[in-house]
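Heads up, the thing below is written out as C-alpha cells.
Both ligands and their constituent atoms are indexed starting at 1 by order of listing.
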Amino acid sequence: MTKDSSNWIVLKFGGTSVSSHENWQNIVSVIKKRKSEGYSVCIVHSALSGISNLLEDVIARAPQGKATELVEQLKEKHRRLASSLGLSADELLQSDFEELEHIVKGIELIGEASYRVQARLLAMGELMATKLGAAYLEQEIGAATWLDARDLIKTISPKNAAERAQVLSAVSASDYEPSVRKTIDKAGSLVVTQGFIGSDDEGKTVTLGRGGSDVSAAYFAAKIGAEHLEIWTDVPGMFSANPHTVPSARLLNHLSYEEAQEIATNGAKVLHPRSIMPARKHNIPINVRCTQKPELPGTVISSDASDNEALVKAISVRDDIILVSMDSLGMWQQVGFLADAFDVFKEYGLSIDLVSTSQSNVTVSLDPGLNDHFEDVRSQFVKDLNEYCKVKVIEAVSAVSLMGRKIRTILHQLGTSFEVFEEHHVYLVSQAANDLNFTFVVESDQVDRLLRQLHEQLILQSGNQQSFGGTWPKLMGQEQTDEQESDAWWKQKREELLSLMDERDSVYVYDRETLQKYAGFIKGINAVDRSLYAMKANANEELLHAVNELDLGFECVSIGEVEKVIELFPDIDRSEILFTPNFAPKEEYEQGLELGVHVTLDNIYPLKQWSAIFEGKQVFLRIDPGHGHGHHKHVKTGGVHSKFGIPRFEIPEVANLIERYDISVKGLHAHIGSGIKDPHSWKDTAIILHDVAEELGGVDILDLGGGFGIQENETQADLDIREVATYLQQFKDAHPKYKLWVEPGRFLVATSGVLLTKITQLKGKGDVRYVGVETGMNSFIRPALYGARHTIVNLDKIDEQLVQTVNIVGPICESGDKLGIDRRFPESEEGDVVLLANAGAYGYVMSSNYNLRPPAAEVVI
Ligand code: LLP
C-alpha cells in the first residue's frame, strides 16, 4: 500500500457539536489549528441534534398523512441554525427541502415506507447538516469541499443478511482504498462529508445504524489512511464509570484498542463499539474529545504499549439482566446435554451472554438488548427446557463488569474490594478469556451503591492515578475555583517548619489556618444542621480550643473524651456533646446520662439488660445500615462483620422496648466507616436512617456519622465536599422535617498536620535503599496498620531532583516499621528534615511508647 504524501486526519463531530454557533466557532478554531500543523482535514459530521429522531417520527407518521407538521419542524431547525451562522437554509437546502417533501408525499400515497425509503429519508439529516457545515467553513476558512459520502462509503451485502440489516445497518470494508484517497486528495485540503450513510452495490442509499457516524469516521480514516481520528462529542471523553451514577468517575486518559472495545461494548455510550476495529486494523490512534471544551485532552485510544500494567480501568453496570439457572438432575454426564439445552434457547431465538457452570448447575444470562421477546415465549420456553433440567428464571438482577487489562493477575489485589460482596448475593461470575473483563451478576436494587463502592476501591484508591484524569464536573468547569486543591500549606511555611526542627528530632506540627479552612468546607454543607468534631482523630488541647472557637460540637467515643471536653469547656452546652460508646461498661452510660450529654446506644443489650438506667430518658440509637465503607477493612463499621450498630431486623424489638420503658429516641446515628471518597455515601445513609426513623416515630435528628476522606498523597483522588453537599441537599429538600448532623474527624484535621523527623542513617542493600529517620511506627502507625501511603518529602532538599527510590524507615524493632515504601527521593544525608504530610488525624492519638521510644510531641502554629 502506498500512501500519498499529504497527511490526512479525520475529525468527526456529533449532533450536538454541529447544532450551535458557539460550537461551530470551536470547530473552526480546531480545524485552523490542525491545518496550521500541516494536516489536511476531513470533517465527518452527523445530522443536527434531534433531527434523526424527528425523521424516525416522520417515518412512523407519514403513512397516516400526519407528518406535515414534523417536516416543518425539521426545516425550521435548519433555518434557525443557518441564520445563526449567517447563512440561508432556504437557499442552501432548497433542493433538499423539496426532496424531503416529495419522499413524505410518496410515503403518504403508498401508505408505507420500505427500508430503502426509510434510508433515503434518514440520510437527509446528514446531507442537509453537512451542506450547512461546508458553507460555514467555506465562509470562515475557505476552500471547503462538500463530498457525498455515498460516493465513498460502499457497503458490503453479506449473503443471507436480512434486508433490514443490509439497508439500515449496513457495513463497509475497512481496507485502505486508493480510489477514495484519490477523490479526497483531489477535493483539496478541507473536506466535509456525512457520517451514518453510504451506498450499496446498486448505488442506493443505505445507513450504518444509529450512532453510525462514529463508524463512518473510522471507515473514512481507514480508507484514506488517516494519521489519526478525532471523535468530537459533547462529553469530555471516556470515563471510569457512568458519571451520572458515579459522580466521582474519572476521565480515562489512555486506553488500548482492546480496552476501549471492551468498555464501549459494555455500554459506555461515548464511542460506537464498531468504530474501533477499523482504526485498530491500521493502527490509527483515536482521540475522543469535547467540542464545548476543545482545550481538554480527552481520551486517547491507541496501541501504545507503555501503559501495560494490570489495572481495573472502568466499571459498568447493565440492568435488566435475566438469568436462567439450570439445575442438573444428574444429567451433566450425559453426552449432548448442553447441546440439547442450548438448542432450546436457539429454538426460541434467545441470545445468551454470560455462562457459568458447576458440577450441578449451569447458569446463563440473556443479553438484555437482544431478548425483547422473552416475556412472550417465557412459559413455553421454560416448559421445554424443563424436559432436560430444573429451570429457574431469576430477574431484577444486574451485571457489574470490571474492565481493564490483565485482570486475572490482579485478582488477589482485588480481594478487599470483593468484601463488598459479603452483603450481596452473587448469582454468577464470569471472566472473559481475553482477560479484559470480570463480570458479576447481583441484585439490581443494591447495584448503584455497589458500583460506587467498587469504583471507590478500585479506581479512586488505586495507586495508578496517572491513568485517570479529572471528574466530569471538574473537567467541564463546573468547579471553577478549587480551594480544596490549593498548594499544600507546609510548602508555604517551609522555613518556619525547618526552624522548628533546629532544636528537635521529631515533632507533629498542626496548622490552625488549615483546620479553619477545612471547617469552612464542612460548614458549607447547607443541608447539615450541626457538625460535631470526632475528637478521636486528634485530641490535642490547643486544637480542641480552635475547634470550639469554630462553633463545632464534639463527638466522643469514651467517657474520658467526654470529661476532657467538659474540663476544657466547662460552660459548653451539654447537648453539644454526643457520646457514642461501643461495648462500654454499664457505668459509662450512667455517667454520660448524668453529665447531660446525648448518649448513643449501639446495641439492644443495654436496653434489655440495663433498662432501669434508660427508663424515661432520651437517647440516640446507632443503626447498622447493613453495609460498611472506607479506606481499609479495619475502618469499615457497618454490615454483619462489624461490631457496631443495631441491625435493622432488631428495630421492631427496639420499638417495643422503648415503648415499654418510656424512652424517647431523639436521634438516629450511623457511621459506616472512615476515609470514604464516594460523595453519595452520606445520602445513602440518610435514606436508610430516614426509613428507620419513620418506623420508630418521634425522631428529630439523623446523624450521618463522619468518614469524609482526604487525599493522603497527590496521586489519590480527593472527596469533593461540594458534591456531598449537593446530594445531602436533595435529601433535605425531600425530608425537611429531620435535622441532619455529621461528625467528621479526619477531614477537619488531617491536612492541617505534618510529622517532621530527621534522617539518622542511610543504607543500601542491593537494589533496596533505606532512609532511616528518628521516629517511626511509635509516632505514626497508619502505614503499618492500613498500608496508608502519605506524601513524604525531604524538606531540606525540596527542590532537588528525585534521583533514587527508597524506603523510609523508623528505629522500631519491627520490619513493618516503614513510613513509606518505594518513594522517589533526592540525594539525602544525615540530619535532613523529612516531612510526612496529612498526618493531623489518627497520628499522635494512635502513637505509643513502643520500645520505650517516646513518640513525637505536638506543636500548633
Ligand atoms: N463517628 C464515629 C462514630 C466514628 O467511629 C468515627 C471514627 C468518626 C465519627 C470519625 O470518622 P472520620 O471522619 O475521622 O473518618 N484510625 C483510622 C480511622 C478510624 C476511625 C474510627 N472512627 C485511620 O487512621 O484511618
- prompt: Just by distance, do the side chain of S779 and the backbone of A856 share a donor-acceptor pair under 3.5 Å?
  reply: yes
- prompt: For residues 839-860, which residue pairs qualify under salt bridge (Lys or Arg N to Asp or Glu O under 4.0 Å), counting only residues two or more places apart or in two chains?
  reply: none
- request: Could you tell me whether E513 and K493 have a side-chain N and a carboxylate O separated by less than 4.0 Å?
  value: yes
Pairing residues for E650 by the side chain to side chain donor-acceptor pair (under 3.5 Å) criterion, not counting sequence neighbours: none
query: Can you name the residues that form a salt bridge (charged side-chain N to carboxylate O under 4.0 Å, His left out) with K523, not counting sequence neighbours?
result: none
task: Might you list the protein residues in contact with ligand 1, defined as having a heavy atom under 4.0 Å from one of its atoms, sorted by chain and number?
output: A534, K536, E555, R622, H631, V635, H669, H671, S674, G675, G706, G707, F708, E743, P744, G745, R746, R782, Y786, Y842, M846
message: For the aromatic rings, using the six-membered ring if either is Trp, is the centroid distance between W741 and H598 under 6.0 Å?
response: yes
